[in-house]
Structures are given as C-alpha cells and as structure tokens.
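Note that the structure is predicted; figures quoted are calculated from it, not measured. Chain letters run A, B, ... following the sequence lines, proteins first, then strands; residues in each count from 1.
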Number of protein chains: 2
Amino acid sequence: MRLFAQRGYAAVSMRLIASEVGVQAGALYNYTPDKQGLLFSLMQSHMEDLLSARAARVTPDSPLAQLEDFTRFHIAFHLQRPDAVFVSYMELRSLDAQNFAAIETLRRRYEDELEQILQRGVQAGLFTVPDTKIATMAVIAMLTGVNTWYRTDGRLSAAEVGTIYWNMVRKAVAA
Amino acid sequence: MRLFAQRGYAAVSMRLIASEVGVQAGALYNYTPDKQGLLFSLMQSHMEDLLSARAARVTPDSPLAQLEDFTRFHIAFHLQRPDAVFVSYMELRSLDAQNFAAIETLRRRYEDELEQILQRGVQAGLFTVPDTKIATMAVIAMLTGVNTWYRTDGRLSAAEVGTIYWNMVRKAVAA
DNA sequence: GTCTATAGGACGATAGAC
DNA sequence: GTCTATCGTCCTATAGAC
C-alpha cells in the first residue's frame, strides 16, 4: 500500500514489492494471482475495515450527535491510514471493470450512511441542505481533504482537527 | 492530459501518446525533452491558466462578495478542466523534486488568495473560522470535490452547482 | 513456499536517413 | 520535423528444482 501510494500502481514493479518484503518476485505469486489482484485485495480490505469500524460505533440519538460522530470518526479513521486513503481514491482507474464495480459498491455504502444522517436531520428541521446527496459529497470531500495537509508532527492532534472540522460541518448544514 | 488522467503517468507510454496525436514516438522528442518534461509542462500550464484566470476577475469590495466570487470561480474553472485538475493533484508524486517544488509554489499562490479573503473577513467580523489556513484547505477540498461527482449531462448546470456550494461555504465560515 | 532462470514483450530515448 | 530501426533496460508471469 505504501509503494502504491508513493509511486502509483503502474510504477511499482512486482520486483520492488518483493524486495521490500524480502523475497524474490516469483514468491509473491503464492499470495496473489497477479498484480491486479493484489491492488484489489488492498483496496477491498481498506473499504471493509472502514465499514466495520463505522458499524462498531454506538449510534447517538439525535441527527446532530450522529453527524458529529460521523465527522470525528471519518477524520480519525482516515488520518490513521493516509496511504490506503490515497490509493483507494487514486487507483480506482487502475482496477479492471469488475473490481472497480465491487469497490464502488462499498464506497457507496459508506456515503449512504452520511446521507441518511443528513436526511433525518433535514426531516427533523435541524439541518438545511440544498440536496442531501450533494451535501454528502461536499462534507466527505472536506473531511478527507485533511489528509492532504495534516502532519503527525504538527501542532494539532487528530482529535483537535476533528473538533475544528466538526464546527465547520455543523455550521455548513445548520438550519 | 487526457491519457495521464485516465491511466496515470507511468501507465502511459510515449508510443501511446504519439499514436493519439498521429505521429511516431520519436517525433514527440521534437516537442519535449522527455516524458517528465511533458508532464511538468502540462501541469505548469494548468496552474498558470488558473492564476491568470483568477487575476483577470474584478475584485468585489467586501470579503463576503470576494468569497462568493472565489467560490463560483473555482467551481466553474475546475469543472471545465476535469482531466487537468485530476492530473495536477494526482501526479504530483510523479514529478522530480525540482518540478514538484515549482508546481507547489504556484499552488500555494492560489491558496493564499483564498486565505487572504478569509483573513480580511475575520478581521471585519464577518467570518468566524478556527484557523484561516485550515479553513482555506477545507473550502478548497470541498469545492474541488465537485469534480468527483459532477456530470455534464446531469440535471445541474455548473452555475447552479456554484450557488449550492456558495450557500454551504457561506454558512461554514459565517460569524 | 522459496529459489533461479527465463519467456515474451513493452519501455524511454536516440541515431541517422530523408 | 518526421520516419524507421534499434539500444539497453525493465516488465509480468511462469517453469521447474529443492
């Protein structure tokens, strides 16, 4: 995942992967049918980790508290896996059609969780958004964007960033 | 730019580029010193187009109107060049150190324009943001995210999307 | 489950004719 | 400024020994 993130799928050879894990290239084929299968396996595991970590959280009562929980969860989870996040977005184009469809299904499932929170908040009169689908994409893009600038050795902890972004998200969707 | 966006820099061969423009591979070297130079030239032109298009706009008086103008400009400009936007973000890692630094300088210059708007708005008491640098990154990530879902043949025009996002940005930074 | 060796082909870049 | 031809290198994937 680290090599794919740093260099891109096409620029990483099986020889380089093998060298990083301390075997010869041929030995990798005992673990993956081919390079494409390896990329898919990494991306699928990442998406499944995301969905199960999300499912493991206790759902708060109100849509407002649910949105705060989603915001803090999303930032904390993604800041811990910058390589996986980068690869899972950038290398969608490197997947063959069937693998692409499988990853997109998982991604859609995650986005739906946020959209349902927004829909319930709108119905309860707590939120005002132009369109729940667009607001979903806007919030996720804003939150995932943390990965482009956050540095572990910077002045802010992941939890502090969560609070900062929660204030912006809260206001952006406020009634 | 289209080929790099669809397949990634490393996955595009000089032979493929040549075939798309109707020449043999060797002929390309009359136009670029090498493949790396071609990537850099494309990305540099994109960033310079962005900065000069931005500079060409008449600056409104108030920070609020400036922020609205920036929001609408950013969305309109980026929706017209999805391939260039994708490549300029994704292929930063494919640039050598010197070219990377040059592109980063141009990118920083663009981000600074938004940050200065936010700073003036905060000083005027119009905006309340946790940190102008973080708010800058959050707004740009949200706006650029439009490119991941917008379809030209969809129900919304680029201008309508601009209005939708302006409402979210306005609320997110509101005092 | 690892190794060495290699098949078979694509790669970036250049040389030299025209 | 384009072509053909090619250099030297690297690629994925497989075969077969151990």
Side-chain angles (χ1 to χ4, degrees), chain A residues 1-49 83-84 86-104, chain B residues 1-48 83-104:
Chain A
M1 195 71 101
R2 177 171 53 78
L3 292 173
F4 286 156
Q6 286 172 349
R7 303 172 184 235
Y9 173 74
V12 175
S13 68
M14 294 299 273
R15 282 174 178 79
L16 179 59
I17 297 170
S19 141
E20 289 279 312
V21 298
V23 296
Q24 293 299 314
L28 295 179
Y29 291 87
N30 288 310
Y31 300 91
T32 181
D34 51 27
K35 191 182 168 189
Q36 167 75 203
L38 175 59
L39 175 63
F40 176 68
S41 162
L42 289 171
M43 291 175 67
Q44 186 182 44
S45 295
H46 171 66
M47 292 308 298
E48 286 175 349
D49 285 352
D83 289 340
F86 194 73
V87 169
S88 294
Y89 173 50
M90 299 297 207
E91 299 298 354
L92 285 170
R93 65 185 171 191
S94 301
L95 293 173
D96 63 33
Q98 180 176 318
N99 288 340
F100 176 80
I103 297 298
E104 278 301 286
Chain B
M1 195 71 103
R2 178 172 52 78
L3 291 173
F4 286 156
Q6 287 172 350
R7 302 171 184 235
Y9 173 73
V12 175
S13 68
M14 295 298 273
R15 283 170 178 81
L16 178 60
I17 298 170
S19 142
E20 289 279 312
V21 297
V23 297
Q24 293 298 317
L28 295 179
Y29 291 87
N30 288 309
Y31 301 91
T32 181
D34 51 25
K35 191 182 169 188
Q36 167 75 205
L38 175 59
L39 175 63
F40 175 67
S41 162
L42 289 171
M43 291 175 66
Q44 186 182 43
S45 296
H46 171 66
M47 292 309 297
E48 286 174 348
D83 288 340
V85 172
F86 195 71
V87 169
S88 294
Y89 173 49
M90 174 103 68
E91 299 297 355
L92 285 171
R93 65 185 171 193
S94 300
L95 294 173
D96 63 34
Q98 181 175 319
N99 288 340
F100 176 81
I103 298 297
E104 278 301 285

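The nearest whole Å value for the distance from the CZ atom in Arg7(A) to the C1' atom in dC11(D) is 15 Å. As rounded to whole Å, 5 Å separates atom C1' of dG1(D) from atom CG of Asn30(B). Going from atom OH of Tyr31(A) over to atom C1' of dG1(C) covers 6 Å, rounded to whole Å. Across the protein-nucleic acid pair, Leu28(A) atom CG and dA13(D) atom P stand 11 Å apart, rounded to whole Å.
In this structure, Arg7(A) places its CZ atom where only 12 or fewer heavy-atom neighbours from other residues, nucleotides or ligands lie under 6.0 Å away.
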### Derivation of the salt bridge (charged side-chain N to carboxylate O under 4.0 Å, His left out) call for Lys35(B) and Glu91(B)
CA-CA 13 Å; Lys35(B) 191 182 169 188; Glu91(B) 299 297 355; over 6 Å; no
### Query
Could you walk me through whether Leu95(A) and Ile103(A) pass the side-chain contact (heavy atoms from CB on, under 4.5 Å) check?
CA-CA 9 Å; Leu95(A) 293 173; Ile103(A) 297 298; 3.7 Å; yes
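Across dT4(C), dC3(D), dT2(C), the shortest atom-to-atom separation from the side chain of Val23(A) is found for dT2(C).
Residues Ile17(B) and Phe4(B) form a side-chain contact, since some pair of their non-hydrogen atoms from C-beta on lies under 4.5 Å apart.
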Taking distance alone, no hydrogens or angles, what donor-acceptor pairs closer than 3.5 Å link side-chain atoms of residues 23-33 of chain B to residues at least two apart or in another chain?
residue	atom	partner	partner atom	Å
Asn30(B)	ND2	Ala27(B)	O	3.4
Thr32(B)	OG1	Asp34(B)	O	2.8
Thr32(B)	OG1	Leu38(B)	N	3.2

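Tyr89(A) and Tyr89(B) have tilted rings, their planes meeting at an angle from 30° to 60° on a 0 to 90° scale.
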### Per-nucleotide protein contact string for nucleotides 12-18 of chain C (B base, S sugar-phosphate only, - none; heavy atom under 4.0 Å)
BBB----
